[in-house]
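Since this is a predicted model, take the numbers as computed values, not measurements.
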Amino acid sequence: MAEHVVDLDDLFNKSFRSFGVLPRELCEDRSLDDTDYHDESLAPFRGNETADTDRNLQMFYKLIIAPVANSLTGPEIVIVPERSMFRVPFAALREETGKNFLTEKFRIRIAPSLTTLKLIQDSPADYHSHTGALIVGDPKVGEVLYKGAPKDITALPCARREVEMVGRLMGVHPLIGEHATKQAVLEGIDSVSLIHIAAHGNAERGQIALAPNRRTDGTGIPQEEDYLLTMEDISKVQLRAKLVVLSCCHSGRGQVNYEGVVGIARAFLGSGARSVLVSLWAVEDTATEQLMNQFYVHLADGESASESLHQTMKWMRNNKFTKVSQWAPFMLIGDDVRIDFRSEAKKTLLAKD
């Protein structure tokens, strides 16, 4: 009798597929391409989690966490996933009793490999920038040539509000609209402590759509090299950022190989960033706004990125954002860091409270 063999990569890829399938009235599409967001076969699940959600979360807990549970002493777990395991929302894995999520006991951080993590942690103390922020949101892209065909890339008003909020907390003016050009981003990306980008992104190749650079030859429609921030562009820059936040749909995805997921997040780490916060799926606009606000409030209060994300997830669950798809989309890859906010920004935050 033949045994049934489970393809774990296929299982990991499909189990949480419906999380990013949301009605347009709940989520502005920050993806460059047609993704699961548009998959009509998943239409019955839009705005909801599947009936198998809890079962899958408990199953992956049993497969991944249960065998080593007695060795986990906390308060933080660093996980080095293999291949498609990068797509598992580890924070939401649930004990077999169905009572507790993994994040209720531990802070969770992801590392591409132990070697990569050691290289990051062994960086000289004065290597990464301690001040400065590059905040980019809602680039005015418009009609461009994408994959050989004209494409109109729409505005992202929720992304604009998001970066305006981050800018206020950091005490800096964000690059928005026509000012959020590829040239401006590349000129400012190598000297700041924090990078935050809220824009359209390509889930498979990791490209981010920015406002086009002005073409000096006077030709019409912008080409991809005029507006797409690619992995190759990032690899040519020596970054000093402690934290990169990629608030784009599916920014945690990429090409899966034996090293895990190779995408835009890996490019930022490879170019010197100490940690990257990415999203595993598309998130409701209201949930994203609240999640980012809470995350940055904790950062501004001096907490580390890992602790800030941990406390934010807890706050979301306790404030009516109870669906896993709402509170567990983001994961922190790399080292844990703290960001030095300007004193005047912290005073402004305290005054509002």
Side-chain angles (χ1 to χ4, degrees), residues 28-33 35 129 132-148 151-156 159-160 162-163 166-167 172-216 221-255 261-279 282 330 333-334:
E28 62 185 11
D29 188 6
R30 299 187 190 182
S31 177
L32 271 175
D33 297 284
T35 62
S129 297
L134 177 68
I135 314 298
V136 183
D138 187 24
K140 186 177 180 180
V141 186
E143 186 177 2
V144 293
L145 198 67
Y146 181 62
K147 293 184 177 180
K151 182 179 179 67
D152 187 21
I153 300 179
T154 58
L156 298 169
R160 178 180 291 250
E162 178 182 316
V163 298
V166 177
V172 301
H173 295 292
L175 295 177
I176 296 175
E178 62 184 11
H179 300 292
T181 65
K182 178 178 177 178
Q183 180 178 350
V185 169
L186 288 175
E187 288 176 352
I189 205 171
D190 61 348
S191 60
V192 295
S193 180
L194 171 69
I195 300 168
H196 183 111
I197 302 178
H200 291 281
N202 176 292
E204 299 307 320
R205 290 184 288 174
Q207 301 160 324
I208 296 174
L210 300 170
N213 296 332
R214 293 184 178 180
R215 294 185 67 82
T216 57
I221 188 168
Q223 310 293 302
E224 289 188 4
E225 61 268 22
D226 298 321
Y227 68 93
L228 281 183
L229 183 68
T230 66
M231 294 175 60
E232 290 74 21
D233 292 324
I234 298 300
S235 68
K236 296 175 183 177
V237 181
Q238 188 174 22
L239 298 178
R240 305 280 182 173
K242 287 185 176 181
L243 176 63
V244 178
V245 178
L246 299 178
S247 188
C248 311
C249 283
H250 314 287
S251 58
R253 295 175 62 177
Q255 297 297 320
V261 174
V262 178
I264 196 74
R266 184 72 67 91
F268 274 101
L269 288 172
S271 294
R274 201 171 184 95
S275 60
V276 185
L277 185 68
V278 296
S279 174
F330 283 91
I333 305 176

Any chance you could lay out the side chain to side chain contact (heavy atoms under 4.5 Å, CB included) test for M231 and R266, step after step, and finish with the verdict? CA-CA 9 Å; M231 294 175 60; R266 184 72 67 91; 5.5 Å; no

Going from CD1 on I195 to CG on L277, what distance comes out if it is rounded to the nearest 0.5 angstrom? 13.0 Å

Using a 3.5 Å distance criterion without hydrogens, assess whether the side chain of S129 forms a donor-acceptor pair with backbone atoms of S191. yes

Rounded distance (nearest 0.5 Å) linking atom CG of D138 with atom NE2 of H179: 12.0 Å

Between NZ of K242 and CG of L194, what distance do you get to the nearest 0.5 Å? 11.0 Å

With I197, the side-chain contact (heavy atoms from CB on, under 4.5 Å) member among L134, L175, V163, V136: V136

Side chains of N202 and Y146 in contact at under 4.5 Å (non-hydrogen atoms): yes

P139 to A198 - nearest heavy-atom pair and separation: CD-O, 4.0 Å

CZ of F330 to CG of L246, rounded to nearest 0.5 Å, is 9.0 Å

Checking side chain to side chain contact (heavy atoms under 4.5 Å, CB included) for the pair V244/L269: CA distance, chi angles, key distance, verdict? CA-CA 9 Å; V244 178; L269 288 172; over 6 Å; no

From the list L210, I208, V237, side-chain contact (heavy atoms from CB on, under 4.5 Å) partner of V185 resolves to L210

List the steps and the verdict of side chain to side chain contact (heavy atoms under 4.5 Å, CB included) for H200 and T154. CA-CA 9 Å; H200 291 281; T154 58; 4.0 Å; yes

Can you list every salt bridge (charged side-chain N to carboxylate O under 4.0 Å, His left out) pair that touches residues 181-201, not counting sequence neighbours? K182-D233

Stepwise side chain to side chain contact (heavy atoms under 4.5 Å, CB included) test for V144 and D226: CA-CA 9 Å; V144 293; D226 298 321; over 6 Å; no

Within the distance-only criterion (no hydrogens, no angle test), does the side chain of E224 pair as donor or acceptor with the backbone N or O of K147 below 3.5 angstrom? yes

Should F268 and I189 count as side-chain neighbours, where that means a heavy-atom distance under 4.5 Å? yes

Compare every heavy atom of A199 with every heavy atom of A209, then report the nearest pair and how far apart it is. O-CB, 3.8 Å

If I compare all heavy atoms of A211 with all of G177, which pair ends up nearest, and what's the gap? CB-O, 3.6 Å

Give, for atom CD1 of I176 and atom NZ of K140, the distance between the pair rounded to the nearest 0.5 Å. 13.5 Å

Determine whether a donor-acceptor pair (N or O, by modelled atom type, separation under 3.5 Å) exists between the side chain of S271 and the backbone of L239. no

